Number of protein chains: 2
Amino acid sequence: MAAQINRRSSTIWRARVRQSIKTGTDRVTIAQVAREAGVSKTSVSRYLGGEFDALSVRLREQIGKTIARLGYQPSQMARGLKGGRTRLIGMLVADILNPYSVAVLHGAEAACQKHGYTLMLCNTGNDEAREKQSLAALHSYSVEGLLFNTQGRNVTPLHELGQAAFPVVLLDRHVEGCDFDLVGLDNVKAAQLATRHLLAQGYTDIALVVQSLYGVSSRQGRQAGFLQAMSERRDCHGQTLEVDVEQPGHVATVLREFFLRRARSGGRVALLAGNGMVSLQIALALQSMKLSFPDDVGLLCFDELAWSPLVGSGISTIEQPTYEIGFTAIERLLVRIQGERSVRMEMLLDGRLISRGSTAAVTAQEGRACSARLAAKLGVTG
Amino acid sequence: MAAQINRRSSTIWRARVRQSIKTGTDRVTIAQVAREAGVSKTSVSRYLGGEFDALSVRLREQIGKTIARLGYQPSQMARGLKGGRTRLIGMLVADILNPYSVAVLHGAEAACQKHGYTLMLCNTGNDEAREKQSLAALHSYSVEGLLFNTQGRNVTPLHELGQAAFPVVLLDRHVEGCDFDLVGLDNVKAAQLATRHLLAQGYTDIALVVQSLYGVSSRQGRQAGFLQAMSERRDCHGQTLEVDVEQPGHVATVLREFFLRRARSGGRVALLAGNGMVSLQIALALQSMKLSFPDDVGLLCFDELAWSPLVGSGISTIEQPTYEIGFTAIERLLVRIQGERSVRMEMLLDGRLISRGSTAAVTAQEGRACSARLAAKLGVTG
DNA sequence: CTGTTAGCGCCTTCAT
DNA sequence: ATGAAGGCGCTAACAG
């Protein structure tokens, strides 16, 4: 209303109106900068693009000052619309509650910041439908590339991306029939390292405890390494236990069955936890069964967690270089975005063994005593 | 090349060509949809905007089918450019390594997904400079609002947002002189709850262990509640210990000094950890000093963590409703974005006490024995 | 070196 | 009920 009275300065008037309508900060545009600096939009655009050799010193200074004075920031949405460079990277995380995902995210975010990209994050909660719709959402913002930690099942949308030659880097798990780059742990090697450590410490009856193997290549890789290492020792027994960590009490049930089967063998029993989620559930299950490590059972876990040193006499772990995985994945993705078309590449980083009390060495004699005790405890408590 | 032979389907051919040129997924545009459906862009736009009552049934069907057939998805960048509704929300996290942040993030992401928004995430690592530049980055993408977990120092950029009436919801910590909404824990009440629990269990010499109080309102609130509750018991002693969790060994040093000061008093010593980061450092420090809880010292921690039940006989905690905090914060932000202009509001949720072994009850007599043991242990190990 | 012109994909008056 | 035209902020030919 006031505006109707005073129309001298249409600029100010517009600004006022916008504020009252839109509430938003009044965006300074490239046009304003150009006008105030007395140059063309193109020159300003060149300045933004860093094409300084195509700009006289005078213009460059002029523009620089004006930008600073006005506090101008180019709109990425507008730049993206025209040039396609949105400087946006989408990250799809299978489960944000998994500490592994967060740790990788940390590295990825750091790499993005380093290279002037911004991360759009979607948590799919291991759900196909949400994975699909998150993909659509990210696509609608024209992300330049995708960091993808897939749930592994029904991956047709991923295949479509592959056909479109869209830049994608897979995290941790790969997908059959897709030729995307992958960054993750060298699972086979790490599992061998883990298994051999357990064997060397004197454990003879080992169970690899994992979540559903179906569709998750990293878990399959760990299993492969585990079985391979076990096969080197015919006198020892190894088996895989699939558990559902969502289902309360399931881990305890499965473990109890395993213990009952093996305890009487007189061997020394150990558990190899397939990831951090499983570790936690195992620790809780053992606690509920009043079993302790390494006294009753050996324990080695994939994923180093903050609390690994704290529980009991410490839990031995295979530490993944999570930060590096995230960081590397982004940098690889950037290379792809910049047009690299070479053949698919897997970047597998090595895990590191951190040995603690939970895998203390045992002699055969001690082992027999342990397994006897284990059997006794189960008999009593079960 | 195959395309040159078969030109029946120009659609397919185009797709091929673009692929080889642009490498990118072929964006279907509103224009293509309009053309193929034999209508105007305006009509398609109306369809997208849900203005069905301004569309004949025939057109509506036509358009719907075409959109489905082409797999058309409107570009949010383009929509945002014109209308300002980018459906983007920025989230600034002070420290992504803090489990609290991740838990809140989880709730926030879920709320965003529910309302069709996408989250742009920036980790500031408690650094002013990064906070500032992340803010700029998010601004350049025209986020509609901001979820802000600030580091608390040098918050001028935040004040600028305030002046611009930009929608912001603060998480956990508020900022002086800013009238932004806040969602977080009722820290005073929670700290009282915690302190009274310790007192009720027979602890008499209590230290609140926190990271730097400076500029972090939530920590100040916890301190206030702590001191208030302590003041109700003149026979007990309470003090605040500020620690630097980044500096190795610092927590242990500070704790040792505190123990030495108090152990000889004959009182029962307990620690109240100000957050999850501190909890971890305390647990590690105690372990390094060969002290255990509740035998040598009582322990109660802010933030329920996955491993809280597992360490020793379990660590008692004050659990924050983190998921709800994140979820609520987004919904409040959405209300602001939709234009709500009412007065500033603080939404403070209640914490919940989870009592475990680390705060087991002690009688005065036991207490004396404990503090004697503590003194002895420190004398020996120190 | 610099500016003019023409869109990017979408929404929004304004006619019809 | 439908469409044509213009513009959001920016970049990218194409002239000078």
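Just so it is clear: chains get the letters A, B, ... in the order the sequence lines come, proteins before strands, and each one is counted from 1. As a basis for the values below, the full set of heavy atoms in this structure was taken, side chains included, without hydrogen atoms, waters or symmetry mates. The shown structure was predicted, so the numbers you read here are calculated from the model rather than taken from an experiment.
- To the nearest angstrom, C1' of C/dC10 lies 11 Å from CZ of B/Arg27.
- The side chain of A/Ser45 contributes no N or O atom lying less than 4.0 Å from OP1 or OP2 of D/dA12.
- Among the atoms of the strands shown, only primed sugar atoms or phosphate atoms (P, OP1, OP2) are found under 4.0 Å from some heavy atom of A/Tyr72.
- Considering CZ of A/Phe180 and CZ of A/Arg344, their distance stands at 10.0 Å, rounded to 0.5 Å.
- The line from CD1 of A/Ile89 to CG of A/Leu147 is 7.5 Å long, rounded to the nearest 0.5 Å.
- The OH atom of A/Tyr141 sits 14 Å away from the C1' atom of C/dC10 (whole-angstrom rounding).
- Comparing atom distances between the A/Arg46 side chain and each of C/dC10, D/dA13, D/dT11 picks out D/dA13 as nearest.
- The side chain of B/Arg79 has C/dC10 as its nearest neighbour among C/dC10, D/dG3, D/dC10.
- Between the base of C/dG7 and the side chain of A/Lys82 there is a donor-acceptor pair shorter than 3.5 Å.
- When rounded to the nearest whole Å, the span between CD1 of B/Ile63 and P of D/dG3 equals 8 Å.
- Between C/dG3, D/dG3, C/dC10, one nucleotide has an atom nearer to the side chain of B/Thr42 than all others, and that is D/dG3.
- At a non-hydrogen distance threshold of 4.0 Å, A/Ala54, A/Leu55, A/Ser56, A/Leu59 from residues 54-62 of chain A come into contact with DNA chain C.
- As rounded to whole Å, 4 Å separates atom C1' of C/dC8 from atom CG of A/Leu81.
- For D/dG3, one of the phosphate oxygens OP1 or OP2 lies less than 4.0 angstrom from a side-chain nitrogen or oxygen of B/Ser43.
- Computed from coordinates, the B/Glu51 CD to D/dT2 P distance equals 13 Å when rounded to whole Å.
- The distance from the NE2 atom of A/His106 to the CG atom of B/Asp95 is 7.0 Å, given to the nearest 0.5 Å.
- Taking atom OH on B/Tyr47 and atom P on C/dC10, their separation rounds to 15 Å, with Å as the unit.
- Atom CZ of B/Arg85 is separated from atom C1' of C/dT12 by 16 Å (rounded to the nearest Å).
- To the nearest angstrom, P of D/dG9 lies 10 Å from NZ of A/Lys41.
- Between A/Ser40 and C/dG3 there is a side-chain polar atom (N or O) within less than 4.0 angstrom of OP1 or OP2.
- The side chain to side chain contact (heavy atoms under 4.5 Å, CB included) test with A/Tyr47 singles out one residue from A/Ile67, A/Val39, A/Thr66, and that residue is A/Ile67.
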